[in-house]
Amino acid sequence: MSKRDRAARAKGADDTSTDKAGELEGRENVEETGAESGEVRPSGKRSSRRRPSASASSTGGDAGTGTGATVAVTERKKKADAGQSRNPFVRIWVFLQQVVAELKKVIWPTRREMITYTIVVLIFVIVMTAFISGLDLVFARGVLWLFG
């Protein structure tokens with residue numbers, strides 16, 4: 001909380017008006033982001049205050065909110081149905097096009113990097129194999145010594 005926010009709260013606490021205190025509480029999220037009183041900046045998170053509650057839509061308090069969500073879901077289903085094809089060859093072709101598009105985005109290692117990575121992996125595998133083999137040998141001798 002910044003000094004300006006603390007000063008505004010202190011001023012609101014000295015003021016006996018409940019409207020001023022309510023206004024400060026309502027602007028709390030805006031002031032925390034450093035925005036001016038008239039400017040609202042997105043915070044990247046959705047506020048729970050803006051979401052319609054289940055009781056409001058079930059009682060019919062806000063008819064537009066409930067139907068808007070239903071329409072959006074219906075539209076998404078229509079788009080998903082329109083994007084899929086019954087022809088398996090078309091689906092395979094679309095899949096291969098998407099694979100090629102994704103592979104174009106990959107940053108491929110150079111030859112030198114690839115050789116280095118391969119050597120590192122091989123050394124790691126050899127070390128881990130030796131370690132596990134050593135543990136196996138120790139436990140096998142321990143069991144033979146213990147149970148004879």
Side-chain angles (χ1 to χ4, degrees), residues 1-12 21-148:
M1 185 180 258
S2 68
K3 290 180 180 179
R4 183 183 62 172
D5 297 335
R6 287 189 202 121
R9 279 191 184 248
K11 185 178 178 184
E23 180 183 344
L24 286 175
E25 288 177 8
R27 288 181 27 204
E28 187 173 315
N29 290 341
V30 174
E31 289 182 358
E32 285 177 2
T33 60
E36 296 299 321
S37 62
E39 177 185 349
V40 178
R41 298 171 64 188
S43 65
K45 296 181 182 178
R46 290 187 178 207
S47 174
S48 61
R49 291 183 290 149
R50 294 182 184 170
R51 292 184 185 160
S53 64
S55 61
S57 61
S58 64
T59 59
D62 188 11
T65 306
T67 58
T70 306
V71 171
V73 171
T74 306
E75 288 176 6
R76 269 189 251 136
K77 287 181 181 177
K78 287 180 183 176
K79 286 182 183 178
D81 292 339
Q84 293 178 350
S85 173
R86 290 197 171 263
N87 188 348
F89 295 110
V90 171
R91 293 175 68 187
I92 291 172
W93 180 252
V94 169
F95 172 74
L96 291 176
Q97 285 178 331
Q98 291 173 349
V99 167
V100 169
E102 288 298 320
L103 287 176
K104 287 180 181 178
K105 297 177 187 177
V106 173
I107 300 173
W108 296 98
T110 62
R111 183 180 181 91
R112 182 182 211 103
E113 290 173 338
M114 195 66 183
I115 292 170
T116 304
Y117 297 155
T118 303
I119 291 171
V120 167
V121 167
L122 289 175
I123 291 173
F124 181 76
V125 168
I126 290 169
V127 168
M128 290 306 295
T129 303
F131 177 70
I132 292 172
S133 298
L135 284 177
D136 183 47
L137 182 66
V138 168
F139 282 121
R141 294 214 177 183
V143 167
L144 286 175
W145 174 79
L146 186 62
F147 295 113

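The shown structure was predicted, so the numbers you read here are calculated from the model rather than taken from an experiment. Hydrogens, waters and symmetry mates are skipped; everything else that's a heavy atom, side chains included, is used.
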Run the side chain to side chain contact (heavy atoms under 4.5 Å, CB included) test against [X] and tell me which residues pass, sequence neighbours left out.
X	result
Ile123	Ile119, Val127
Val99	Phe95, Leu103
Asp136	none
Leu137	Arg141

Pairs involving residues 102-124, ordered by first then second residue, that meet side chain to side chain donor-acceptor pair (under 3.5 Å) (sequence neighbours left out):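 Residue pairs passing side chain to side chain donor-acceptor pair (under 3.5 Å), neighbours aside: Glu102-Lys105.
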
